[in-house]
Amino acid sequence: MYRRCGFRYEKKLRAIGVAPIAGIDEAGRGALAGPVVAAAVVLPEKFRHRRLNDSKQLAPELREEIYCELVSNPEVRWTVGIVDSVEIDRINILRASHRAMRLAIEALIERPDHVLIDGLPVIPFPLPQTAVVDGDCISLSIAAASVIAKVTRDRLMRDFCAQFPQYCFGQHKGYGTELHLLKLHEFGPCPIHRRSFEPVAQPLLALEELGELRSSPPRRARREVSVPLPQA
């Protein structure tokens, strides 16, 4: 059943006296090049937005527009955490994504009482959390973080495109598209490619598997997992 993105989880927490609440999401976890970027966002209680949703469901122009609205709103508090490709190769992408989320939340001047995280729990984490699968489609706080993380990363990848124009990063943002894999095969990896990712080493094999991946997208059940603050 379709649920409009709203404050359902935030209202449950506020009803028991938990506030402020931050939403966290990341962008770039599945890319073959560039950083992973996480954003933490605290929205005002009476925040409303008719078009805000999961960044992947928004057209690029609308996503940029909503990003500008969010970051220019003085009542919206937001930060980003960025982990580059070198660190991703050193500690793996899961740990790098979690590190980016921790960096984002630690950069907030006023720490929230609770965090809503898109996906699965992040352990360790410095604050109590509720992990919500498909949270960027359900929670406005997570959706706002999704947009800020995505636009921030897209802009970084356009900057990298100016440094490495032969890879066309401005078009695919480092993800494993057919164009990107062809460029990888032609030119080999550049300094921002994630060397620990198999398609970077074997782009032709990845091209053969691309059709199968497109035809069988994974299905995820929506669920939530609450994790209390660890005892000292």
Side-chain angles (χ1 to χ4, degrees), residues 1-16 18-31 35-43 47 49 51-58 63 66 70 78-81 83 88 91-105 108 112-154 173 175-176 197 212-230:
M1 182 176 68
Y2 172 78
R3 293 181 184 272
R4 184 176 178 180
C5 200
F7 276 139
R8 182 159 56 100
Y9 287 91
E10 291 87 341
K11 287 178 178 178
K12 286 181 180 179
L13 290 166
R14 290 181 186 128
I16 57 174
V18 177
I21 302 156
I24 295 185
D25 199 6
E26 56 77 23
R29 182 168 170 172
V36 60
V37 177
V41 180
V42 179
L43 298 175
F47 178 85
H49 203 294
R51 299 179 295 175
L52 178 58
N53 204 337
D54 171 18
S55 64
K56 297 183 291 296
Q57 298 183 17
L58 301 173
R63 192 163 56 227
I66 294 174
L70 289 170
W78 62 277
T79 56
V80 295
V83 176
I88 290 169
I91 64 175
N92 79 42
I93 185 58
L94 178 61
R95 290 174 180 168
S97 299
H98 290 180
R99 175 168 168 73
M101 291 180 180
R102 288 191 292 268
L103 289 171
I105 205 70
L108 285 171
D113 287 346
H114 198 93
V115 177
L116 299 175
I117 298 179
D118 182 54
L120 300 176
V122 176
I123 300 173
F125 201 75
L127 295 170
Q129 62 180 287
T130 299
V132 186
V133 174
D134 289 337
D136 45 11
C137 302
I138 301 170
S139 161
L140 279 172
S141 299
I142 298 177
S146 171
V147 168
I148 290 177
K150 173 66 174 168
V151 173
T152 299
R153 187 179 185 280
D154 283 356
K173 310 303 187 297
Y175 286 91
F197 281 40
E212 296 179 11
L213 291 173
R214 287 174 176 170
S215 63
S216 56
R219 293 183 178 181
R220 298 183 296 172
R222 290 183 178 177
R223 59 190 180 95
E224 60 178 289
V225 182
S226 293
V227 180
L229 180 64

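All values below come from the heavy atoms of this structure, side chains included, with hydrogens, waters and symmetry mates left out.
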- Item | Pairing residues for R14 by the side-chain hydrogen bond (donor to acceptor under 3.5 Å, both in side chains) criterion, not counting sequence neighbours | none
- Test side-chain hydrogen bond (donor to acceptor under 3.5 Å, both in side chains) applied to E10 - qualifying residues, sequence neighbours left out: S139, S141
Hey, does [Y] have a side-chain heavy atom less than 4.5 Å from the side chain of [X]?
X	Y	value
I105	P112	yes
F7	L43	yes
R95	R99	no
V41	L70	no
V147	S55	yes
L120	V133	yes
V115	V122	no

- Query: With no hydrogens and no angle check, is any side-chain donor or acceptor of R153 less than 3.5 Å from a backbone partner on K173?
  - Reply: yes
- Counting only N and O atoms by type, is there a donor-acceptor contact under 3.5 Å from the side chain of D118 to the main-chain atoms of G135? yes
How many angstroms lie between [atom1] in [X] and [atom2] in [Y], if you round to the nearest 0.5 Å?
X	Y	atom1	atom2	result
I142	L52	CD1	CG	11.5 Å
R51	L58	CZ	CG	9.5 Å
I117	Q129	CD1	CD	4.0 Å
R63	S146	CZ	OG	8.5 Å
C5	D136	SG	CG	8.0 Å
L140	N53	CG	CG	8.5 Å

Exercise: identify the closest heavy-atom pair between [X] and [Y]:
X	Y	result
A104	A38	CB-O, 3.8 Å
L108	A40	CD1-CB, 4.2 Å
A145	G23	CB-O, 3.5 Å

- Message: Applying salt bridge (Lys or Arg N to Asp or Glu O under 4.0 Å), can you list everything that pairs with K150, at least two apart in sequence or on another chain?
- Response: D154
- Query: With R29, which residues qualify under side chain to side chain contact (heavy atoms under 4.5 Å, CB included), at least two apart?
  - Reply: E26, I93, L94, S97
